[in-house]
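A quick write-up on the structure given underneath.
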Amino acid sequence: MKKNNYVVTSTPEELAEALGLSAADGLEIKIKSDLNDKIIETIKRKKLTHAQVAKLAGTSRTRITALVGRNTKDISTDLMLRIISSLG
């Protein structure tokens, strides 16, 4: 049976390096991660529902739910910026 080799990283930069990505890709990961943190923090602080955030940002509740669950695979940086902007 084949053994899996696991790599543990603690920063987006380390993750990019471990995956063989460029420095620019690592920076994009970090920016998206930081934006995601700020969005989640703001939603909690303002005690908003996912539906309320979706309406403010002009997107779907499903996308907000994915974002809060840290599933940003299909969410663009532009949308994340629009969400954070709509939250004030």
Side-chain angles (χ1 to χ4, degrees):
M1 182 182 340
K2 183 179 175 187
K3 285 184 113 182
N4 292 327
N5 292 329
Y6 294 99
V7 176
V8 178
T9 63
S10 58
T11 66
E13 294 87 358
E14 290 176 1
L15 176 61
E17 184 178 334
L19 295 174
L21 301 173
S22 70
D25 289 334
L27 182 59
E28 182 180 356
I29 291 169
K30 179 165 180 30
I31 289 169
K32 285 184 83 168
S33 177
D34 290 348
L35 278 172
N36 201 94
D37 291 343
K38 190 64 172 175
I39 290 167
I40 293 169
E41 173 190 314
T42 304
I43 291 170
K44 286 181 181 178
R45 183 173 34 85
K46 292 189 173 194
K47 298 178 181 171
L48 297 170
T49 66
H50 296 181
Q52 289 170 321
V53 175
K55 186 173 182 179
L56 287 170
T59 190
S60 69
R61 184 200 49 80
T62 304
R63 290 183 119 185
I64 300 301
T65 300
L67 186 71
V68 171
R70 298 200 174 276
N71 179 5
T72 61
K73 180 180 175 237
D74 295 323
I75 299 176
S76 70
T77 305
D78 290 343
L79 176 58
M80 293 175 82
L81 290 170
R82 190 170 77 221
I83 293 167
I84 197 72
S85 176
S86 70
L87 294 173

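Note that these values count all heavy atoms, side chains included, but never hydrogens, waters or copies made by symmetry. In this text, all values refer to a predicted model and were calculated from it rather than measured experimentally. Just so you know, residue 1 is the first one in the sequence shown, and it goes up from there.
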Discussion item. Suppose we screen for side chain to side chain contact (heavy atoms under 4.5 Å, CB included). Which residues come up paired with Glu17, at least two apart in sequence or across chains?
Written reply: none
Worksheet, complete the sentence: Taken to the nearest 0.5 Å, the spacing of Ile75 CD1 from Arg70 CZ works out to 11.5 Å
Response to the item:
Residues passing the side chain to side chain contact (heavy atoms under 4.5 Å, CB included) test with Ser22, sequence neighbours excluded, are Ala24, Asp25
Discussion item. Can you list everything that forms a side chain to side chain donor-acceptor pair (under 3.5 Å) with Gln52? Sequence neighbours excluded, please.
Written reply: Thr49
Worksheet item: Taking only residues two or more places apart in sequence or in another chain, which ones pass salt bridge (charged side-chain N to carboxylate O under 4.0 Å, His left out) with Lys32?
Response: none
Response to the item:
By salt bridge (charged side-chain N to carboxylate O under 4.0 Å, His left out), Glu41 pairs with (sequence neighbours left out) Lys38
For residues 79-88, run the donor-acceptor check on the side chains, cut-off 3.5 Å, and write out each pair with its distance to 0.1 Å, sequence neighbours left out.
{"from": "Arg82", "atom 1": "NE", "to": "Ala57", "atom 2": "O", "distance (Å)": "2.9"}
{"from": "Ser86", "atom 1": "OG", "to": "Arg82", "atom 2": "O", "distance (Å)": "3.4"}
{"from": "Ser86", "atom 1": "OG", "to": "Ile83", "atom 2": "O", "distance (Å)": "2.7"}

Fill in: Hydrophobic cluster of Leu21, others only, ordered by chain and residue number, side-chain cut-off 4.5 Å
Leu15, Leu19, Ile29
Response to the item:
Besides Val7, the hydrophobic cluster formed by Ile, Leu, Val, Met, Phe, Trp and Tyr side chains linked at under 4.5 Å, directly or via other members, contains none
Tabulate below the donor-acceptor pairs under 3.5 Å that side-chain atoms of residues 61-69 make, not counting sequence neighbours, or state none.
{"from": "Arg61", "atom 1": "NH1", "to": "Thr65", "atom 2": "OG1", "distance (Å)": "3.2"}
{"from": "Arg63", "atom 1": "NH2", "to": "Asp74", "atom 2": "O", "distance (Å)": "3.2"}
{"from": "Thr65", "atom 1": "OG1", "to": "His50", "atom 2": "ND1", "distance (Å)": "2.9"}
{"from": "Thr65", "atom 1": "OG1", "to": "Arg61", "atom 2": "O", "distance (Å)": "3.0"}

